[in-house]
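Basis for what follows: all heavy atoms, side chains included, without hydrogens, waters or symmetry-related copies. Chain naming here is simple, since letters A, B, ... match the order of the sequence lines and numbering starts at 1 in each.
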2 protein chains.
Amino acid sequence: MIHATNIIGNKWAPIIIYVLEERKLRFGQLAVFVEGISRKVLTEQLKELEQKKVVKRESFAEIPPRVEYSLTEWGKELLPILSQLCTWGANISIDSDDEKNIELQKRV
Amino acid sequence: MIHATNIIGNKWAPIIIYVLEERKLRFGQLAVFVEGISRKVLTEQLKELEQKKVVKRESFAEIPPRVEYSLTEWGKELLPILSQLCTWGANISIDSDDEKNIELQKRV
DNA sequence: AAAAATGGTAACCTCGATGTAACTAATGGA
DNA sequence: TCCATTAGTTACATCGAGGTTACCATTTTT
């Protein structure tokens with residue numbers, strides 16, 4: 001669990017993984033799809049995800065350079081879990097009213 | 001997804017949730033079970049998890065005081081997902097050798 | 001009279017994650 | 001000759017999560 005949350009626990013990693021879902025994207029495309037991320041941080045995150053074997057990096061010796069990123073098989077296995085997490089996160093307060101601290105809930 | 005990773009994306013939250021699994025624990029017990037956490041940060045995390053409806057707090061007007069923490073129903077729904085995440089995190093490099101960057105893998 | 005037990009709070013510090021802006025190398029094209 | 005393109009890198013600044021230590025209120029026990 002610690003290992004997994006180390007990977008998906010930072011600000012951008014889950015978004016990058018989601019954006020990369022089933023496709024291969026170039027660095028510049030990622031920088032557009034992952035809205036708000038700086039190129040520097042995108043580079044760092046991709047390096048980290050590559051080193052952790054979640055993302056695969058393919059570099060082509062062309063001018064101008066081309067680098068393509070995609071999920072590894074292991075990285076793809078994260079998608080359904082991320083999806084569950086997403087569903088869970090959206091379910092808040094649908095069934096949390098049966099708790100005893102209803103009085104406190106007006107403050108939230 | 002952003003909401004969910006906001007909750008489980010910090011250092012202690014997943015551990016607290018796991019430790020709290022099916023039982024009710026007092027503050028002092030939590031401070032022992034969640035090894036390494038400071039009382040200050042434990043307080044902060046519990047407040048945050050309570051506010052986010054993952055954890056329920058019950059305070060008893062006794063001397064010395066007694067406060068019990070447990071998971072809400074919604075919080076309990078997180079357990080199987082956390083468990084999957086844990087399994088996924090442990091699976092690394094079992095099936096990641098079929099990637100092309102085998103040469104690079106010796107460096108990891 | 002003082003210590004023990006409990007669940008905190010307050011003031012302060014550190015460090016890592018993230019952000020900003022400018023810069024680079026290599027080549028093709030105007 | 002100079003600009004555009006691409007995938008970064010470098011040198012900063014900032015911001016918040018987390019850590020440390022000391023302290024508090026209340027009652028029972030010694």
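Each of dT6(D), dG8(D), dG8(C) was ranked by its minimum atom distance to the side chain of Phe27(B); first place goes to dG8(C). Looking at the side chain of Pro64(B), the nearest of the listed nucleotides dA5(C), dA7(D), dG7(C) is dA5(C). Listed nucleotides: dT20(D), dT6(C), dG18(D). Nearest to the side chain of Lys11(B): dG18(D). Side-chain proximity of Val67(B) to the nucleotides dG8(C), dT20(D), dA7(D) is greatest for dG8(C). Ranking dG19(C), dG19(D), dT6(D) by closeness to the Val41(B) side chain, first place goes to dG19(D).
Summarising the geometry, the separation between CG on Asn6(B) and P on dG16(D) is reported as 14 Å, rounded to the nearest angstrom. One atom, CD of Glu44(B), and another, C1' of dT20(D), lie 13 Å apart when rounded to the nearest Å. Atom pair Arg39(B):CZ and dT6(C):C1' shows a separation of 8 Å (rounding to whole Å applied). The interatomic distance linking Glu68(A) (CD) with dG8(D) (C1') rounds to 16 Å, in whole Å. Atom CD1 in Ile37(A) sits about 15 Å away from atom P in dA7(D), given to the nearest Å. A straight line from CG of Asn10(A) to P of dG16(D) spans 17 Å, rounded to a whole angstrom. Across the protein-nucleic acid pair, Leu42(A) atom CG and dT9(D) atom C1' stand 14 Å apart, rounded to whole Å. One atom, CG of Leu25(A), and another, C1' of dA7(D), lie 15 Å apart when rounded to the nearest Å.
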Can you give me the N/O atom pairs linking the protein to nucleotides 12-15 of chain D at distances under 3.5 Å, or say none if there are none?
none

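For the ring-ring contact (aromatic ring centres under 6.0 Å, His included) test, no residue two or more places apart in sequence or in another chain qualifies with Trp12(B).
Distances shorter than 4.0 Å separate some side-chain N or O of Lys47(A) from OP1 or OP2 on dT9(D). Residue Arg26(B) has a polar side-chain atom (N or O) positioned under 4.0 Å from OP1 or OP2 of dG7(C). Proximity of Arg57(A) to the phosphate of dG8(D): a side-chain N or O atom is located under 4.0 Å from OP1 or OP2.
Residues Glu21(A) and Lys76(A) fail the side-chain proximity criterion, which asks for heavy atoms closer than 4.5 Å.
Using modelled atom types, one side-chain atom of Trp74(A) and one backbone atom of Trp88(B) make a donor-acceptor pair closer than 3.5 Å.
No more than 12 heavy atoms of other residues, nucleotides or ligands shown are found within 6.0 angstrom of CD on Glu35(A).
Across all strands shown, Gln45(A) has heavy atoms under 4.0 Å from sugar-phosphate atoms exclusively, and none from any base.
With Ile15(B) as reference, Val34(B) is the one residue of Ile8(B), Leu20(B), Val34(B) to meet the side chain to side chain contact (heavy atoms under 4.5 Å, CB included) rule.
Taking the ring centre of Phe27(A) as origin, the terminal cationic atom of Arg57(A) falls outside the region bounded by 6.0 Å and 45° from the ring axis.
Ranked by how close their nearest DNA chain C nucleotide is to the 5' end, Gly9(A) and Tyr69(B) are led by Tyr69(B). Toward the 5' end of DNA chain C, the nearer of the two residues Ile63(A) and Trp12(A), judged by each one's closest nucleotide, is Trp12(A).
One distance of note links CG of Leu30(B) with CG of Leu42(B); it measures 5.5 Å at 0.5 Å rounding.
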Test side chain to side chain contact (heavy atoms under 4.5 Å, CB included) applied to Leu85(A) and Leu78(B), step by step: CA-CA 8 Å; Leu85(A) 222 38; Leu78(B) 196 48; 3.9 Å; yes
